[in-house]
Amino acid sequence: MPPVRPINSTAGRYPSPTSNHNLVSPPFPRKSADWIGVEQQTAPAKARAPGKPAPGDEAANDGRVSRSIAAAKGEAEGSGWRERIAQMAETTDGSAAEDGIIESVDRVATFAPAILAIRWSTTIMSLALSAQNFANRDYVVVAASVVVIGYTAFRTLDPLKYKGDIKSLLGVLAEVILFILVVDLTGYWESPFIFSLLTAVIVAGFARGFGFAIRVGLFASFAVSIPYLREALTSPRVTNSATFTLVLLLVALIAGYARRISGEADRQHSLALDRLGRLADANALLFSLHRVTQTLPASLDLDDVLDTTINRLRGLFDFDFAAILVFDDTDGSWQTIRSDGTRFPPKVTSSELPAPLLRVINEQSVVNVPNLAQAGPGLSTRASSGLYAVLPARGSLIGLLSIERQAARPFGARDAELIQGFVEPVALAIDNARWFGRLRTVGADEERTRIARDLHDRIGQSLAYLAFELDRIVTTESRGDSVGPALEQLRDDVRSVIREVRDTLYDLRTDVSDSQDLAATLEQFTARVAERGKLDFELFLDRGQRLPILQEREMWRIAQEAITNVERHAHATRVRVIWRCNGESAALDITDNGQGFPIGKAGRLDSYGLLGMRERASSVGATLELTSHVGKGTRVRCSLIRPVPARVGAGIAGGNEV
């Protein structure tokens, strides 16, 4: 599988809940209707008679003013009841704005299937209770049945809508009044249509919340209980009224709570979309900043992100084994960065991946394997079923997610849908943390580690040799033997160590700068190495075009580490160094004719500084390739290729560029 190159993409933006179009300006203060009427009517009179009023005008004016005041009061009273109804329609327990939805939406559309089922259930139940009345030819009940069936059929074809306006409110209230009349006309609480009231209360709760539903339930209960108000509290009919009242209130609470849960789900969905957009923006910003400058401070920790991911998986799914793998674009392998309940190799190639993971890479979608015994083993040999998904970020495949169960209880379709929505924000968070981790590799900690390694490998061993020689000279002198030749040799060794210290310090200070490019730095360094050893260098260096200073510096450190390895370990006689750069992309190639070593058997993980070179290559988005054959030599190639921008609408295509 070819290395996955990071693709620069523009993240989609989602509207913010606090956008300007959501702001509602408060109403401006208005003058009272009485004052407006008086002002409008008296102003012309004052204009005509700035002095004393003419005879008869005063009385006429008083009459006009009185009529104006009365008209204004009537108009104010007329507008007052309309405003009160509008306020009822826009009450906060049912307005869409309270749910974070500014547009006019049907608040009961979500519950339409449930309302339809409840309508027909209560209608069928009412007809069943009315069977005896049909046999007795009770025409009132028959007429009520026709009304109930007709209304139910009508609402099946044209469901009741509630959009927070007066028309919607009147529709809800009309249904409540209709069923109250049907119940009152057919026997009050003994009516066979008593269960129809449940539908009206449930619709009220779904439309405007449990506060409005409770008021509707109390009103309906009072309207049906009117004939029993004068009876004793111990009367069976009063007891029956109290029982049905409690039932209506309980139904109102349940309907209102269901509406609140639905509103909360809408808010959470909106917040999740907004957070996903912010994560995408942050990911694009981090990648852009990483390309421009590698000096940002680290503020995300990969371990924390992985711990949070596993904990969230535990909260969403019931599983026994889990693993998160990421693609290493420096060598094309897969690294297990977190496992839970199972032990999977820390690094594998694509061909070594289990069959379900290979399938998810090919399909680029969630793969649900109900029987691993038939589809091939998963990450754990004890697992019987598994759920697998890709981790996409920046238009490319960055990793894989696997959760598996040991018990014979496969994951369902809902689990697959849930993990499909889970992986995208997780992939963005992991990718962000990995980029921050790459930025940290160019910091002071890595420099201190490299300096300590250089001092240990070169100066430390030389100083240890001097200490052994001094001990040997002291022993020789105690036996009375001559130590003159040994002291002369020791003096030469000390001079050699001093020279080695100077060379080491000089190498540590050697670096690219604004005035000295990588080609000039390589020339100086290889000349110094050739002077103190027996290596012949062939240099093929491009000049003129340069990379950004921080990227060029990391390429230089990789070249320095590779040449130092040749000097110390390869036993080579010739080294070829190639540097190609066009200002945007670059390639570094260092080949020797030394003894080489078997790939994968180079001792510890950081043998010959290979881990440090890979980290440096990864920090600038480069690819490091190492080729070595025993007895033939070693080749180190580091390539920095400018990423190709992703096409708009392009998807993830098997981890390759799109």
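Here, residue 1 is the first one in the sequence, and each next residue gets the next number.
Using a 4.5 Å heavy-atom cutoff, the side chains of Glu538 and Val575 are not in contact. Using a 4.5 Å cut-off on side-chain heavy atoms (C-beta onward), Leu539 and Leu522 make no contact. A heavy-atom distance below 4.5 Å is found between the side chains of Val529 and Phe537. At least one side-chain heavy atom of Cys638 sits less than 4.5 Å from a side-chain heavy atom of Ile558. Looking at Ile590 and Arg576, their side chains never come closer than 4.5 Å, going by heavy atoms from C-beta outward. Between Val390 and Val423 there is no side-chain heavy-atom pair separated by less than 4.5 Å. Proximity of Met613 to Asn565: side-chain heavy atoms (C-beta onward) are separated by under 4.5 Å at one or more points. With contacts defined as side-chain heavy-atom distances shorter than 4.5 Å, the pair Leu316/Phe422 qualifies.
Going from atom CG of Asp592 over to atom NZ of Lys632 covers 14.0 Å, rounded to the nearest 0.5 Å. In this structure, Ile361 CD1 and Ser350 OG are separated by 6.0 Å, a value rounded to the nearest 0.5 Å. The distance from atom CZ of Arg637 to atom CG of Leu626, rounded to the nearest 0.5 Å, is 13.5 Å. One finds the CD atom of Gln406 at 10.5 Å from the OG atom of Ser385 (value rounded to the nearest 0.5 Å). Atoms CD and CZ, from Gln551 and Arg546 in turn, are 12.0 Å apart once rounded to the nearest 0.5 Å. Here CZ of Arg557 is found 10.0 Å from CD of Glu561. Values are rounded to the nearest 0.5 Å.
Across Ala433 and Val305, no two heavy atoms sit closer than the pair CB-CG2, 4.0 Å. Nearest heavy atoms, Ala383 versus Glu404: CB-OE1, 3.4 Å. Of all heavy-atom pairs between Ser628 and Gly596, the closest is OG-CA, 3.4 Å. The nearest pair of heavy atoms linking Leu357 to Leu353 is CD1-CD2, 4.1 Å. Minimum heavy-atom separation, Leu428 to Ala393: CD2-CB, 4.2 Å. The two residues Ser402 and Leu379 make their nearest non-hydrogen contact at OG-CD1, 3.8 Å.
At distances below 3.5 Å, at least one donor-acceptor pair connects side-chain atoms of Asn311 with backbone N or O atoms of Asp307. Under the 3.5 Å distance criterion, the side-chain polar atoms of Asp471 are left unmatched by any main-chain donor or acceptor of Phe468. Arg405 places a side-chain N or O within donor-acceptor distance of the main-chain N or O of Asp318, the cut-off being under 3.5 Å. Looking at Thr336, its side chain never comes within 3.5 Å of a backbone N or O of Arg338 through a donor-acceptor pair. Looking at Asn368, its side chain never comes within 3.5 Å of a backbone N or O of Leu387 through a donor-acceptor pair.
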>> If you apply the rule side-chain hydrogen bond (donor to acceptor under 3.5 Å, both in side chains), what do you find for Gln335 with Asp328, and how did you get there?
In response: CA-CA 7 Å; Gln335 293 183 354; Asp328 187 353; 3.1 Å; yes
>> Please determine whether side-chain hydrogen bond (donor to acceptor under 3.5 Å, both in side chains) holds for the pair Thr573 and Asn593, giving the CA-CA distance in whole Å, both sets of side-chain angles, and the decisive distance to 0.1 Å.
In response: CA-CA 7 Å; Thr573 58; Asn593 63 347; 2.9 Å; yes
>> Quick one, Asp320 with Arg382, criterion salt bridge (Lys or Arg N to Asp or Glu O under 4.0 Å). Give me CA distance, side-chain angles, the key distance, then yes/no.
In response: CA-CA 10 Å; Asp320 300 303; Arg382 296 175 293 166; over 6 Å; no
> Where do Ile337 and Ile430 land on the side chain to side chain contact (heavy atoms under 4.5 Å, CB included) test, with the steps shown first?
Replying inline: CA-CA 10 Å; Ile337 58 175; Ile430 291 176; 4.3 Å; yes
> What do the steps show when you test Thr591 against Asp589 for side-chain hydrogen bond (donor to acceptor under 3.5 Å, both in side chains), and what is the final call?
Replying inline: CA-CA 7 Å; Thr591 307; Asp589 191 305; 2.9 Å; yes
>> Evaluate Glu352 against Trp334 for side chain to side chain contact (heavy atoms under 4.5 Å, CB included), listing each step before the verdict.
In response: CA-CA 9 Å; Glu352 295 173 337; Trp334 295 89; over 6 Å; no
>> Go through it in stages, so that I can follow the logic: the residues are Glu567 and Ile563, the test is side chain to side chain contact (heavy atoms under 4.5 Å, CB included), and I'd like the CA-CA distance, side-chain angles, deciding distance and then a yes or no.
In response: CA-CA 6 Å; Glu567 181 186 13; Ile563 295 173; 5.6 Å; no
> Which is it for Phe327 and Leu397 under the side chain to side chain contact (heavy atoms under 4.5 Å, CB included) test, yes or no, and what are the steps along the way?
Replying inline: CA-CA 8 Å; Phe327 185 75; Leu397 175 65; 6.0 Å; no
>> Working note: Gln524 + Gln516, criterion side-chain hydrogen bond (donor to acceptor under 3.5 Å, both in side chains); need CA distance, chi angles, decisive distance, verdict.
In response: CA-CA 11 Å; Gln524 295 180 10; Gln516 179 171 290; 3.1 Å; yes
>> Please determine whether salt bridge (Lys or Arg N to Asp or Glu O under 4.0 Å) holds for the pair Glu477 and Arg472, giving the CA-CA distance in whole Å, both sets of side-chain angles, and the decisive distance to 0.1 Å.
In response: CA-CA 9 Å; Glu477 195 275 336; Arg472 186 181 64 81; over 6 Å; no
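Atom CZ of Arg414 is surrounded by 12 or fewer heavy atoms from other residues, nucleotides or ligands within 6.0 Å. Enclosure of atom CZ in Arg343 is not indicated, since only 12 or fewer non-hydrogen atoms of other residues, nucleotides or ligands lie within 6.0 angstrom. Other residues, nucleotides and ligands place more than 12 heavy atoms under 6.0 Å from the CZ atom of Arg580.
Phe540 has its ring centre no less than 6.0 Å from the ring centre of Trp579.
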